[in-house]
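First up is the structure itself, then whatever we jot down about it.
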There are 2 protein chains.
Amino acid sequence: MNLKDLSQHLGLSPTTVSRALNGYPEVNEATREKVMAAAKRHNYKPNTRAIRLATGRAMAVGHVIPIETRHEIVNPIFADFIAGAGETYARAGYDLILSIVPDGDEARAYREMKSRGNVDGVIVHSPRHDDFRIGLLHDIAMPFVVHGRATGAALPYAWVDVNNRRAFHRATDFLLDLGHRRIGLINGLEFMDFAIRRRAGFVQALTARGMTETPALMRAVEMTEANGYIAARDMLAQTPAPTAFLVSSMIMALGTRRAIEEHGLIMGRDISVIIHDDDLSYMQNGADVPIFTATRSSVRAAGRLAASMLLDTIANPTPTPATHLLEAELIIGQSTGPAPNRS
Amino acid sequence: MNLKDLSQHLGLSPTTVSRALNGYPEVNEATREKVMAAAKRHNYKPNTRAIRLATGRAMAVGHVIPIETRHEIVNPIFADFIAGAGETYARAGYDLILSIVPDGDEARAYREMKSRGNVDGVIVHSPRHDDFRIGLLHDIAMPFVVHGRATGAALPYAWVDVNNRRAFHRATDFLLDLGHRRIGLINGLEFMDFAIRRRAGFVQALTARGMTETPALMRAVEMTEANGYIAARDMLAQTPAPTAFLVSSMIMALGTRRAIEEHGLIMGRDISVIIHDDDLSYMQNGADVPIFTATRSSVRAAGRLAASMLLDTIANPTPTPATHLLEAELIIGQSTGPAPNRS
DNA sequence: AATCATATTCAAACCGCTTTGGAAGCCTTA
DNA sequence: TAAGGCTTCCAAAGCGGTTTGAATATGATT
């Protein structure tokens with residue numbers, strides 16, 4: 001059942017039927033109701049392909065997931081971020097197109113999306129320091145929103161980000177207040193923008209109290225459980241050992257905890273741990289009482305927000321792009337306590 | 001730059017240019033080369049929307065992710081499965097459309113995809129026992145491949161699945177051979193088909209040795225770290241306590257290990273653990289020596305396979321759908337050992 | 001009653017490609 | 001030399017909607 005069939009059935013022209021269904025004012029209310037009823041009765045759904053060609057809009061947004069060809073790691077937060085974004089798109093009648101692209105191929109992928117016209121805009125994931133994609137998308141005039149920021153980008157651009165620097169500053173302060181002086185940082189790879197900012201927050205908090213960072217107590221690794229374990233194990237082997245860890249993800253923290261327990265220590269008593277918690281649905285930080293003290297910010301909510309910002313930009317592009325800095329909440333769990341007496 | 005422009009530029013008809021670019025035989029080789037060269041020079045990419053309308057193919061496949069409205073859990077294996085599938089689609093020039101759909105809305109979502117024609121086929125995720133989607137998709141003649149199986153489905157359908165029953169049978173056998181007699185099963189929710197099969201494998205292995213299953217040692221929970229912890233903790237509180245656990249996912253197993261260590265036991269010595277390992281990229285089971293003894297099957301490889309099966313079905317629908325049963329490998333890690341002497 | 005504004009409807013062009021059904025040109029073949 | 005067969009190209013008709021520009025009907029105004 002297509003528009004022509006339906007209009008013949010109604011004894012009306014396709015024009016009128018189309019207008020009736022799309023809420024245009026120049027159609028008699030009585031006719032509109034008849035059309036609506038007939039459309040429902042015959043279960044008429046306009047063909048997406050035809051709409052797209054006729055209107056010139058793709059009614060779809062792209063999420064380009066770069067796969068690091070060396071590591072082939074799929075960032076586990078994508079699932080939740082995209083679930084959040086997907087809710088927004090569904091409501092707006094947009095499709096979500098997922099492109100898995102080897103990281104060398106990204107520029108080509110974006111250009112092709114533009115010239116083939118199968119998306120109206122894109123979400124940029126995992127920005128690096130001074131990320132080339134921002135300039136590129138700007139050049140080809142493809143609407144976009146970045147999940148995260150890319151320090152060093154020359155042009156203004158739309159983004160949603162957690163205040164990573166402040167979150168880690170606060171977390172570090174919290175540990176310092178508890179008397180911890182040797183704090184290990186287990187961070188993500190520091191070509192990722194968020195990791196740079198977290199490190200900065202950590203270092204700033206130390207220097208604000210007249211301390212300096214200890215390179216031996218700082219790690220920047222791919223955020224897996226195994227790496228969280230290795231980093232913590234190695235630092236615990238030092239003398240003096242750290243009395244607290246600041247860990248950049250829940251998954252790494254599971255490895256950190258493993259190293260701690262293997263070392264015969266009790267987390268929250270002998271050693272403190274603060275994590276950053278993306279509030280992943282399959283990786284909840286405890287139910288009632290959080291296991292880990294954490295700086296928390298829902299990546300799913302960020303997905304919802306980024307998506308609706310993108311739809312806004314597509315609908316009416318503005319010269320000054322919107323930005324949203326989300327503050328992480330600091331929630332107290334069972335994994336932190338006063339620094340043990342060095343006696 | 002569109003086809004018309006390009007053809008005018010070349011002094012040819014759009015027909016000939018289109019045919020030249022699409023490799024049709026009825027065009028002079030010399031002309032074809034000229035056309036190809038001009039297309040490259042002007043960076044001509046045919047408009048996807050127009051191709052789709054003209055050919056009637058969507059050149060896209062849908063992945064419908066049901067979100068359980070009660071739990072709102074996003075299955076963390078999606079990220080890797082979709083990364084695998086995405087590789088296949090990219091090579092074939094297909095788009096991957098991701099639909100996040102509240103679980104009550106699935107039927108409507110599929111019907112709409114069909115009538116709007118924005119996908120040529122779909123992958124069905126997380127099948128339940130006797131899943132209604134199989135009949136539905138069959139009825140509306142939408143090509144599909146199921147990731148997993150749905151026992152009880154009346155019609156034949158295409159699927160890719162791990163031999164879950166055998167995997168858990170073998171894993172249980174392995175534990176029994178080590179002398180374990182009280183084995184705890186920490187399974188996923190048992191309305192999911194894979195969980196039913198794993199349970200069946202477990203029970204069959206026991207009965208094959210004249211044992212019967214102990215309901216107190218079996219849990220079916222949502223597969224989160226916290227639930228893995230709770231299930232293990234509760235079972236360890238029983239007397240006699242289990243000497244081994246069979247755990248349905250890596251993430252749950254992290255919780256299980258936490259309970260074990262909290263209980264003052266050493267995994268691999270005091271208590272054994274076998275897991276099912278989906279070989280997730282961000283959740284590797286150790287590098288050289290696996291942490292957990294595991295039945296392993298790459299969900300990413302399953303994604304690749306499912307995707308290419310789907311593209312095959314779309315290209316030439318066959319009356320007898322293809323099926324692929326993947327065998328999990330049993331890999332020995334550090335988490336298993338002989339049952340401790342009950343002395 | 002003629003004029004004009006307004007409300008309602010429609011025919012046809014258009015979006016950018018594919019594909020059908022010729023047609024022209026050139027060789028063969030009888 | 002006419003007929004038939006290839007090769008190569010093209011005009012035009014889709015695909016299924018939206019949108020422009022015009023036509024018709026209705027009611028109000030003078």
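Proteins come first, then strands; the chains are lettered A, B, ... in the order of their sequence lines, and each starts at number 1. On a predicted model such as this, the values are computed, not experimentally measured, just so you know.
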Start and end of chain B contact along DNA chain D [non-hydrogen atoms, under 4.0 Å]:
dT8(D) to dG16(D)
For atom CD of E26(B) and atom P of dT20(C), their distance in whole Å
10 Å
Is there a side-chain contact between S13(A) and the phosphate of dA11(C), meaning an N or O under 4.0 Å from OP1 or OP2?
no
For dA11(C), does OP1 or OP2 lie under 4.0 Å from any side-chain N or O of T15(A)?
no
Determine, for R128(A) against D103(A), whether the closest basic-nitrogen to carboxylate-oxygen distance falls under 4.0 angstrom.
no
In whole angstroms, the gap separating P of dG16(C) from CG of N2(B) amounts to 6 Å
Distance from S99(A) atom OG to E112(A) atom CD, nearest 0.5 Å?
9.5 Å
R52(A) CZ to dC17(C) P, straight-line distance once rounded to whole Å:
17 Å
With sugar-phosphate meaning primed atoms plus P, OP1 and OP2, does T55(B) contact a base, only sugar-phosphate, or nothing at under 4.0 Å between heavy atoms?
sugar-phosphate
In this structure, which one of I77(A), L98(A), V299(A) forms a side-chain contact (heavy atoms from CB on, under 4.5 Å) with I82(A)?
L98(A)
Rounded distance (Å) that lies between atom P of dC17(C) and atom CG of L6(B):
9 Å
Indicate, with a heavy-atom threshold strictly under 4.0 Å, whether G11(A) touches base, sugar-phosphate, or nothing.
sugar-phosphate
Side-chain donor/acceptor of T48(A) to backbone N/O of R116(B), under 3.5 Å:
yes
Are H9(A) and Y44(A) near enough that their ring centres are under 6.0 Å apart?
no
From CG of N47(B) across to C1' of dT18(C) the rounded distance in Å is 13 Å
Rounded distance [0.5 Å steps], OG1 in T323(B) versus OH in Y157(B):
9.5 Å
Name the closest nucleotide to the R19(A) side chain, picking from dC10(C), dT18(C), dT8(C).
dC10(C)
Relative to the 5' end of DNA chain D, which residue comes earlier, N28(B) or L3(A), by the nucleotide with the nearest heavy atom?
N28(B)
Rounded to the Å, how far apart are L10(A) CG and dC10(C) P?
10 Å
If you check every side-chain atom of I51(B), which of dT20(C), dT9(C), dC17(C) has the closest atom?
dC17(C)
If you count heavy atoms of other groups shown closer than 6.0 angstrom to NZ of K34(B), is the number above 12?
no
Assert: residue with more 5' nearest nucleotide on DNA chain D, out of Y44(A) and P14(B), is P14(B)
Between OH of Y24(A) and C1' of dA7(C) the distance, given in whole Å, is 18 Å
